[in-house]
Amino acid sequence: MSRRVVVTGMGAITPVGLSVNEFWKSVKDGKIGFDTISKFDASGYKCQLAAEVKGFDGKNYMDFKAAKRMELFSQYAVAAAREAWDDSGIHMEKEDAFRIGVSIGSGTGSLQAIEREHSKLLEKGPGRTGPLLVPLMISNMAAGNVSIQLGLKGKNINVVTACATGTNSIGEAFRSIQYGEAEVMLAGGTESSITPIGIAGFTALTALTSSKDKYRCSIPFDKERSGFVMGEGAAAVVLEELEHAEKRGAKIYAEVVGYGCTADAFHITSPAEDGGGAAKAMEFAIRDAGIVPEDITYINAHGTSTHHNDLFETRAIKKVFGERAKQLKINSTKSMVGHLLGAAGAVEFVTCVKELEEGYIHQTVGYQIPDEECDLDYCKEAVQGEFRYALSNSLGFGGHNAVLIIKKYEDGGKLCRY
């Protein structure tokens, strides 16, 4: 029998709020984080909108010297992790640091560092390349910096599965606690890819919208959807073995009960057209949770606002749930914060926990025009009411499919598994 895992802390840095409370209030208000790119002059780019984090200063979360030795994606991770850690109420002097680990991923690491130092290389020669280029840019430095800042000496990993990174990172932390590798894991995802090469690259791939209307740019499942909007930020959660959390009197937000992963083995950017890979990942997660498809009433979709993702994810949901798919409540948090790439799944996990806690399913903001092939209930309006499970999908370039199932915490309830 594997051990039960609960959520005892959460943190977030997003385009619509620099804390979980700010973020959640914005979500309930239907606030969008889209605007003209300000990080560089994008006037010559087809895509000129992004969901940028506003008002963030790394020195508010760590000392100046530490902030100087971190790129933005690492700063976001440390800020979100510190909020989650403080929220959990764990006191390190009472813990074995080697039993507390970190699982925080980033899809790209620092594109800023690569751009900056490559320009120096071309203009001034190799001798002017910064000595910290490598430890600044590599994606595992988010997890490394979090462990250094908080003194966490347990298992420390960096999962990189493109847009599934955040979900995989939390899922692998869940497994680490289930099977005794750690008592506590700080898990999540982080990203800061709103840079010239980031925007140009995704635009060349025809993945980004060219819409100039910030109210109609990220519109998942809408017939007029034309691509995703790049977002940035981070989210982190403290996962903890249930008895460990109970012994210290922790506040328990929710329970993680299911995790499923597959590969499409189909195409480097497009999901499998029949949704088969994503469907099987959902099936695996449902089985891992010890429940049946009929127990699921809500899905936080990957929902990127690209034609292929939204259509093929809809097909995947139908494949798993059959006729019941039309009764499910499905939404996309990306309708407000855009696509945070490696951080997306982590932000959406936090969203699911808050929704379970309050019995509130947010609307898919901007969804107006139904698509004949995307014919499920995508929450044009918010829904109030109790529900027990949230299923969260993340689908990444390369065919990575990752699914988590979060359960409303029921004190003393026993979890039945197959």
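Ring geometry for Phe221 against Tyr378 counts as parallel: the plane angle stays under 30°, on a 0 to 90° scale with 60° as the upper cut.
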Would you please test Met92 and Trp85 for side chain to side chain contact (heavy atoms under 4.5 Å, CB included) and show each step? CA-CA 10 Å; Met92 280 303 295; Trp85 189 253; 3.4 Å; yes
Applying side chain to side chain donor-acceptor pair (under 3.5 Å), run through His244 and Glu95 and close with a yes or a no. CA-CA 10 Å; His244 186 277; Glu95 304 290 340; 2.8 Å; yes
Between Asp375 and Lys318, does a side chain to side chain contact (heavy atoms under 4.5 Å, CB included) hold up when you go through it step by step? CA-CA 10 Å; Asp375 56 353; Lys318 289 179 178 179; 2.6 Å; yes
Residue pair Met70, Gln149: steps toward the side chain to side chain contact (heavy atoms under 4.5 Å, CB included) verdict: CA-CA 12 Å; Met70 290 183 215; Gln149 290 292 305; 3.9 Å; yes
Test side chain to side chain donor-acceptor pair (under 3.5 Å) on Ser392 and Glu348 and set out the steps. CA-CA 7 Å; Ser392 183; Glu348 288 151 14; 4.6 Å; no
Give the intermediate values and the outcome of salt bridge (Lys or Arg N to Asp or Glu O under 4.0 Å) for residues Asp63 and Lys65. CA-CA 6 Å; Asp63 66 64; Lys65 185 176 180 181; over 6 Å; no
Given the rule in the side chain to side chain donor-acceptor pair (under 3.5 Å) test, do Ser176 and Lys155 qualify, once you have shown the distances and angles that lead to the verdict? CA-CA 8 Å; Ser176 297; Lys155 181 177 185 178; 2.9 Å; yes
Run the side chain to side chain contact (heavy atoms under 4.5 Å, CB included) check on Arg248 and Glu240 step by step: do they pass? CA-CA 11 Å; Arg248 67 180 189 84; Glu240 190 168 352; 2.7 Å; yes
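Residue Thr195 holds its OG1 atom at 4.0 Å from CD of Glu115, rounded to the nearest 0.5 Å. Distance check, rounded to the nearest 0.5 Å: CH2 of Trp24 to NZ of Lys28 gives 6.0 Å. Within the model, atoms CG of Leu340 and CE of Met230 stand 10.0 Å from one another, a figure rounded to the nearest 0.5 Å. Interatomic distance, CG of Asn168 versus SG of Cys163, reported as 11.5 Å (0.5 Å rounding). The line from NE2 of His362 to OG of Ser26 is 12.0 Å long, rounded to the nearest 0.5 Å. The line from OG of Ser169 to CZ of Phe174 is 15.0 Å long, rounded to the nearest 0.5 Å.
For Glu172 and Ser103, the side-chain atoms include no donor-acceptor pair closer than 3.5 Å. Of the N and O atoms on the side chains of Thr269 and His267, at least one donor lies less than 3.5 Å from an acceptor on the other residue. A donor atom on one side chain and an acceptor atom on the other are found under 3.5 Å apart for Ser38 and Glu52. Defined by atom type and a distance below 3.5 Å, a donor-acceptor pair is present between the side-chain atoms of Thr209 and Ser226. Glu232 and Ser192 share a side-chain donor-acceptor pair at under 3.5 Å.
Note on Arg225 versus Asp371: salt bridge recorded, some NZ/NE/NH1/NH2 to OD/OE distance being below 4.0 Å. With respect to the salt-bridge test (charged N to carboxylate O, under 4.0 angstrom), the residues Lys319 and Glu283 do not qualify. Salt-bridge formation is detected for the pair Arg4/Glu255: a Lys NZ or Arg NE/NH1/NH2 atom is positioned less than 4.0 Å from an Asp or Glu carboxylate oxygen. Of the charged side-chain nitrogens involved, none lies within less than 4.0 Å of a carboxylate oxygen, so that Lys25 and Glu22 do not count as a salt-bridged pair. A salt bridge is defined here as a Lys NZ or Arg NE, NH1 or NH2 lying under 4.0 Å from an Asp or Glu carboxylate O, and Glu71 with Arg116 meets this definition. With respect to Asp29 and Lys31, no salt bridge is recorded, no charged nitrogen being found less than 4.0 Å from a carboxylate O. A salt bridge links Arg3 to Glu183: one of the charged nitrogens lies within less than 4.0 Å of a carboxylate oxygen.
Remark: Lys334 fails to qualify as a cation-pi partner of Phe228 under the 6.0 Å distance and 45° angle criteria applied to the six-membered ring.
No side-chain donor-acceptor contact under 3.5 Å links Arg99 to the backbone of Lys153. At distances below 3.5 Å, at least one donor-acceptor pair connects side-chain atoms of Glu117 with backbone N or O atoms of Gly130. Panel note: side chain Asp310, backbone Ser305; a donor-acceptor pair is recorded below 3.5 Å. Formation of a donor-acceptor pair under 3.5 Å by the Thr364 side chain with backbone atoms of Ser332 is found in this model. In this structure, Asp222 contributes its side chain and Gln368 its backbone to a donor-acceptor pair below 3.5 Å. Looking at Gln363, its side chain never comes within 3.5 Å of a backbone N or O of Gly30 through a donor-acceptor pair.
At least one side-chain heavy atom of Leu376 sits under 4.5 Å from a side-chain heavy atom of Lys326. Using a 4.5 Å cut-off on side-chain heavy atoms (C-beta onward), Tyr253 and Asp87 make contact. The shortest distance between side-chain heavy atoms of Ile405 and Ile286 falls below 4.5 Å.
Annotation: Tyr45 is in aromatic contact with Phe40 [ring centroid separation under 6.0 Å]. For Tyr76 and Phe56, the ring centers sit closer than 6.0 Å to each other.
For the pair Glu355 and Phe387, the tightest heavy-atom approach, listed with the atom from each and the gap, is O-CE2, 3.6 Å. Nearest heavy atoms, Glu273 versus Arg315: O-NH1, 2.7 Å. Heavy atoms only, all atoms of each residue included: Cys374 and Thr314 are closest at SG-OG1, 3.9 Å. Between Ala84 and Val238, the shortest heavy-atom contact is O-CG2, 3.6 Å. Taking each heavy atom of Asn331 and Cys379 in turn, the nearest pair found is CB-CB, 4.1 Å. Of all heavy-atom pairs spanning Gly171 and Leu404, the tightest one is CA-CD2, 3.8 Å.
Put simply, the residue from Lys407, Lys408, Lys251 that forms a salt bridge (charged side-chain N to carboxylate O under 4.0 Å, His left out) with Glu357 is Lys251.
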